[in-house]
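Below is one structure; the comments refer to it alone.
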Amino acid sequence: MKAGIDIGSVMTKCVIVEGNRVIAKTISRSGPMPEKIAENILQQALKNAGIEFSQLEKIVSTGYGRHIFSLNHKTVTEVSAAAKASFYLSGEKPCLVIDVGGQDTKTIEVDRRGEVVDFLMNDKCAAGTGRFLEMMATVLETDIYGLGKLALSATKPVVINSTCSVFAESEVVSLLAHNERKENIAAGLLNAIAARIATMMSHFHKDVPVVFCGGGANIPGLKESIEKISGRQIHILENPQFVVAFGAAIS
Amino acid sequence: MNKINIARRIFQILSLVLLVYGGYIFKEWKESAETEQSIFPSLKAPPGSISTTKFEKGSILWPSGATPVIENYPPSLVCRFNPKGGMFKACILHFFSENLTWQTQIKYLLPYITLFILLCFLFGRMWCGWVCPIGTVGDFLTFLRRKMNIKVRRFPQNFRINLSFTGYGIMAIALTISTIIGMPNFARYQCYWFLPYCQICPARLICPMFGLIKPNWKDFSTGITTTFTILAWLVLGLFVAAFYFGRRVWCHMCPVGLINSWFNKGAGVELHKKAIKCIKCGYCADACPMGLTKMYQMNNDGIYNQNACIMCFRCVEVCPRENCLGVKFFGKELFRRKNDTKKVS
Amino acid sequence: MTQKKFLDNFRDEIQKGFVSDRISPNNIAELQKYKRKSEIPSMENFYEAIENFENKKTFELEKPSVGYFCNIVPEEIILACDLHPVRLCCEDQVCAQAGEEIAPGDICCVIKSICGKFYGRLYENLNLVIIPGTCDPKTKLAELISPLKEIYFLDPGRDSDYLENAAIWESRYTELFDFLKKRFHKNPGRTQLISACHKTNKRTEIFRKIYQLRTDYPDSINVFDYYIMIYASFFMEIELWNDFAEKVYSQALEKKKTQNKPRILLVGTPVIFPNFKIIDVLEQSGLAMATDIQCTSFGRFFNPVEIDEDTESGIIRALALKNIAGSICPCLLNLEKMANLIIDTVNQYNLDGVIYYNLRLCQVFEIQTAILRQILKQRNIPFISIKTDLGKEDTGQLKTRLEAFREMLESHRK
Ligand code: SF4
Ligand code: SF4
Ligand code: SF4
Ligand code: SF4
Ligand code: SF4
C-alpha cells in the first residue's frame, strides 16, 4: 500500500492506494503549519482505510509543501504526478492535462508512454488561477462553487479584460455598481480564466484528448467555458481534486 | 595570423619563384642563337598551321624568353614574357589567341586543352588564389597599402561581379582580332595585331622585371603600336590601382581568371556551409578578397562554389563557428575548423 | 553621434528632487554564500575582487574609467585609448528600489538598478558613460542619468545585417574612437587597437576553454563560480582577469567528474551578481547548467575579433562585426540566428533541455518566447520559459517548475 500526499497552497489531500485502487482519501484546508496538517490527514486516511502506518510501503509527497513533509520517501512535482495519474485514469493514452489549482494553472502534454513532453505553468502572479476565482467570489459574496453556479444561469456574460486580481477586482466592483447581474459577471470571470487556459492549450498538439483535474475542475461551468473557447472536448477526471495525490501515490 | 593564410602566402611565393624563375632552375640557360631570331623563338607554330608572323627586335611583343620547361598552359596567369623562359609556355589566353591566328588544327591542340581542363576541374580557381604570380604581385600591393594604413575601398558584390563583363568584352575583342588576322587576306596585319591581349596585359610589363630585364615599355613606331603602348600603360595603371586600393578587384576582369572560373562550379575543390552553425557575423564576407557575400548570405546547407571565388579559403578560416564552413576535395573533408578553443587569431 | 548633454537646464531641479542619495547595497553575505560553495582555490581571486568592488562601492584606478552597457559598445576601443572600461549592467534589488524613484512603474529592473546606482552616487568615479541605443529603456536612460554624468550615446541601429550596415557601424565606431581620443587627450593608433584586440582575444581563448570544459563537465567549475567570473570581468583589468581565469581553468581541469544530472542550456537575459536566483533554483532542482547563451558571457566572450584588414579602419570594422553583426542581443533583428544557435548548441553538446530565462519586463526577450518554444518543440528539444524578477518570493514556484522540468528530462532519458 502506498500513500500520496499533495500539499497544495489551498488544500492538502491524501490518497492511499492498494495496487492502483484508491482505498482512502482525505482532504483538508492547508494552513500555517502544513506539515502538521499533512500528518493529520495522513493519519485520518490510514484510519479510513483501516490500516497501520507501518503497512505503508511508500509515502510520496507532492505540491508546494512537498519538501517540508518529513515522513515521505520521495517527492515528485505536481506536474509529474498529475501527468502520471491522468495518463492512468484516461486509459493509458496520450492526453493533454489541464490542472487548475489554488496557486497555479498548468497544462501538461503527456505522450503515449505516459511521459511529460512539455508543460506550461502560469508565472509568478495569481492571474488565472483558482485563487483568482476565489478572490472574485468573495467580491460577489459567494464562494468559488457558488460563483460557478451563478455563471451557469448567465444570460449575457460580460467581458472582463484583466486576469490580474487587483484590476479584475475593481472591474467587478464597478460592474456591480452599474447594476450588472452577478450571473453575467461570474460567467465573465470564468470566461477570462478559460481564455487564458485555452491560450495555454493552443501551444500543444491539437489532436489529443483533453482531461481536466485539480480543484478547479469542480467549479461548475468552468469546463464548459473552456470547451466553448477552445472548441475542444474536455473530460473531467473523477475526483479531480485528488488526481495529483493519486499520481504521487502511484509514482 | 591564421594557418591557411600563412600557407597560402608561402605557396604563392613558392609558385611565383617556380613559375617565374623555373627556366633558370630547371634549365641551363644559354643565350642561344634562337633568341636572336626575329620570329617567336619558343612558340614555333605547330605543323599544319600557317604563320607569317615576323617581329622586329624591340617591338612591343618581342619576348625575352626562350623555350619553357613544360610545354603547357596552366590555368593561371603565367606569362610567356617571363625572363629567360618560364616554367610553362604561357597563359591560356595566349594559347587561344596564337592558335586562332595560326589556324592550328584542333587535333594538335587537344592535349593542351585536355590538360588545362583537367587542371581546372581538379582545383577550380585555386590557381588564382594560390598560384598566379600576378595575383601574388597584386596581393603584395594590398599588403603595402595595409602597412601604410590606408583604408580599403570596398565595392559592392554586384559591381565586382559585373566587372567580369569588361573582362569578357576584352577577351571577345582579343580573340576576334586573333581570328581575323589569321585569315590569309589579313595576314599582313599580324605584325601589328598578333596576340592583342598580350600587348595590353600588365603581366607583359611586370614579368620581365622579375628577371631584372627591362620590359618593352613603349613602341611608338606606328600609330597602332603607339595605341597599344598607351593602352598597356592604362591597363597597368588600372591593375595597380585595383590592387592597391581594393582587394583583387583586377581579378574580376582578368580574362585568364574568367576562363578558369567556368570550371569553378563542379570543381574537385568544394566550399561548403552548414547553415545552422552560422551566426551571421559577416566575418567571411568581410574578409573575402573577391568581395563575395554568398557564404554569409546562404541559409541552407550546401556547396557554394561561385564563379568569382578564387578558393583562397579565407572565409573558412575567419569563421568563428566550429564546423560552419569547410572545404572538401571530391567529397572528402579537407579542412574544417575543428577545435573551438584554438580558434583565436 | 557625439557626446550628448540632456536636461542641462534642469540639472539642479533633478539633483535636488530625488532623495535616494547614497544607497549602500550590501551583497557581501550573498557573496560569501557562493564562495563557500566554490571548490576551486583560485576562484578566491575573483571573490576578492568582487568584494573589494562592492565594499568600496566604487573603483579607484590610475586610469580614467569609462562606463558602458551592452556588447554593442566596443570594449576594445576603450582599451585602446588606455582607459578602463567598466560594464555597468546590474541587477540589484536595493539599487532597483532606489531606482524606482527615477524610473518607476513597469520598467525592467536592470534600468531601475542602474538609475539607483547612479542617483545613489555609486558611480562617482566614472569619467564618462557610453550608452547604446539597444533597447528603448536604455535609450531613455541616457537622458535620465545625464544630469549626473557625461554621456556618450551610441546608436548602431537595430538591424544586424552585415551587408547593409557595416559601413554605418564603422562610422559610428570611428566617431566614438575620435571622441575618446579628443576627450581624454590620447593618441592611440593601429598598434594600440591591435593590442587591445589581442587582449580580448586572449580572453576569448580562455573563455572558450572554460566553455568547452563546462559543456563536458558542468560541475568542474560550478555555475556560481562561472557567473562570478563573468561578473568580475565587468570591472576587472582585462589582463588580470585573463591570468586569474587561466589559473581557474587549470585547476578546474583536475576536477572533471562525470555526473548524471540533466544538462541544461540557459538562454535569455543575463545573470548578473547578486541576482543569482535562477541559477540557485536551477542548482537546487538538480539540473546542471552546461552552457549558456547570454550576452554578458557567451555573447561577449565567444567570438574573437578577426582582424583581416589591419588598417585602423579595418580593425574598427572588425570590431563592429564582432560586437554588432555577431551579437546575440535580442534588441537586434536576429531571431533566426538565436534559434539556430540554440538548436546547434543543444545538438553539438548533447544537452537535455533549454531554459529560457526572462527577467520580467524585458520585452525583447519575452516577445520571442512563444516562437522559440514552437521552433524547439518541432525539433523535440525540451524547452521551458521562466519569467521572473528580482524578488525572491516565487522561488518555490520556480522550483516546482524546474523540478518538473528535471523529472520530464529524466523520463526522456530512459
Ligand atoms: S602577356 Fe598576359 S596574356 Fe600574354 S602571355 Fe603574358 S599573361 Fe598571358
Ligand atoms: S584572375 Fe587574378 S589571380 Fe587569376 S589569373 Fe587573373 S590575375 Fe591571376
Ligand atoms: S568566397 Fe571564400 S574562398 Fe572564395 S574568394 Fe571569397 S574568401 Fe576566398
Ligand atoms: S563567418 Fe561563419 S558564422 Fe560568420 S557569417 Fe560567415 S559563415 Fe556565418
Ligand atoms: S541583451 Fe542586448 S540590450 Fe540586453 S544587456 Fe545584452 S547586449 Fe545589452
Side-chain angles (χ1 to χ4, degrees), chain B residues 1-2 5 142-158 245-247 274-289 291-297 299-301 312 314-324 337-345, chain C residues 160-163 165-167 169-170 174 189-190 197-198 200-213 215 299 302-318 320-328 333-334 336-345 347-348:
Chain B
M1 270 281 236
N2 292 294
N5 206 26
T142 305
F143 171 79
L144 284 184
R145 173 185 54 76
R146 288 182 179 176
K147 284 287 151 268
M148 316 244 304
N149 202 2
I150 293 172
K151 186 176 172 175
V152 65
R153 293 271 170 284
R154 287 178 195 269
F155 303 96
Q157 172 175 261
N158 281 350
F245 293 110
R247 289 180 306 193
K274 207 163 167 192
I276 198 157
K277 297 271 177 187
C278 177
I279 54 162
K280 298 278 172 188
C281 62
Y283 287 11
C284 50
D286 210 63
C288 176
L292 305 178
T293 58
K294 192 159 191 170
M295 299 316 274
Y296 161 78
Q297 279 171 314
N299 287 330
N300 302 314
D301 292 3
C312 63
R314 189 78 184 117
C315 50
V316 181
E317 74 175 339
V318 296
C319 178
R321 298 286 294 159
E322 188 182 353
N323 282 345
C324 178
R337 184 143 319 286
K338 279 285 150 38
N339 190 349
D340 255 348
T341 60
K342 295 275 154 51
K343 172 65 195 79
V344 169
S345 66
Chain C
S160 69
D161 183 37
Y162 153 78
L163 287 177
N165 301 293
W169 299 332
E170 193 186 322
T174 314
R190 181 154 65 137
C197 293
H198 281 328
T200 52
N201 278 358
K202 177 82 189 148
R203 183 175 67 187
T204 295
E205 194 186 321
I206 300 168
F207 177 79
R208 283 192 175 200
K209 286 196 276 193
I210 292 173
Y211 179 92
Q212 200 86 32
L213 181 68
T215 49
F302 198 79
N303 288 348
V305 192
E306 193 64 60
I307 300 173
D308 179 54
E309 278 285 326
D310 52 2
T311 59
E312 201 173 302
S313 74
I315 299 166
I316 288 181
R317 193 178 172 101
L321 295 196
K322 178 205 161 196
N323 291 312
I324 308 178
S327 155
I328 51 161
L333 295 171
N334 56 13
E336 183 175 8
K337 169 158 92 186
M338 192 66 158
N340 278 344
L341 196 56
I342 296 175
I343 294 167
D344 180 51
T345 313
N347 291 342
Q348 180 167 0

Sorted by number, residues from residues 151-158 of chain B in contact with chain C (heavy atoms, under 4.5 Å):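 Hits under 4.5 Å: K151(B), V152(B), R154(B).
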Where on K147(B) is there a heavy atom nearer than 4.5 Å to chain C: the side chain, the backbone, both, or neither?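 When you check distances to chain C, atoms from both the backbone and side chain of K147(B) fall under 4.5 Å.
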Heavy-atom proximity to chain C below 4.5 Å, by part of Y283(B):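 Both parts, heavy atoms under 4.5 Å.
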Using the rule side-chain contact (heavy atoms from CB on, under 4.5 Å), only one of T204(C), V305(C), N303(C) pairs with P320(B); which is it?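 That would be N303(C); it is the only one of T204(C), V305(C), N303(C) passing the side-chain contact (heavy atoms from CB on, under 4.5 Å) with P320(B).
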Is N334(C) close to chain B through its backbone or its side chain, or both, or neither, when contacts mean heavy atoms under 4.5 Å?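 Answer is neither: N334(C) stays 4.5 Å or more from chain B.
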Flag the pair D286(B) and R314(B) as a salt bridge only when some basic side-chain nitrogen lies within less than 4.0 angstrom of an acidic carboxylate oxygen.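 Result for this pair is no, no salt bridge flagged.
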salt_bridge(R190(C), E312(C)) N-O dist < 4.0 Å: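 A salt bridge is absent here (no side-chain N lies under 4.0 Å from a carboxylate O).
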Grab the two heavy atoms, one from I150(B) and one from R145(B), that are nearest each other, plus how far apart they are.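 Between these two residues, the closest heavy atoms are O-NH1, 3.0 Å.
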What closest approach, in Å, do R247(B) and D308(C) show between heavy atoms, and which atom pair accounts for it?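 Minimum heavy-atom contact is NH1-OD2, 2.6 Å.
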ring-ring contact (aromatic ring centres under 6.0 Å, His included) partners for F245(B), two or more places apart: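 Listed in chain order: nothing, the list is empty.
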Going by the rule side-chain hydrogen bond (donor to acceptor under 3.5 Å, both in side chains), which residues pair with S160(C) if we only count those two or more places apart in sequence or in a different chain?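 Applying side-chain hydrogen bond (donor to acceptor under 3.5 Å, both in side chains) to S160(C) gives none.
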Pairs of heavy atoms under 4.5 Å with chain B: top-ranked of K337(C), K322(C), E309(C), M338(C):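 The option with the most such pairs is E309(C).
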Got a sec, which residues hit side chain to side chain contact (heavy atoms under 4.5 Å, CB included) with C278(B), two or more places apart in sequence or on another chain?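 In terms of side chain to side chain contact (heavy atoms under 4.5 Å, CB included), with neighbours along the sequence ignored, C278(B) is linked to K273(B), K280(B), C324(B).
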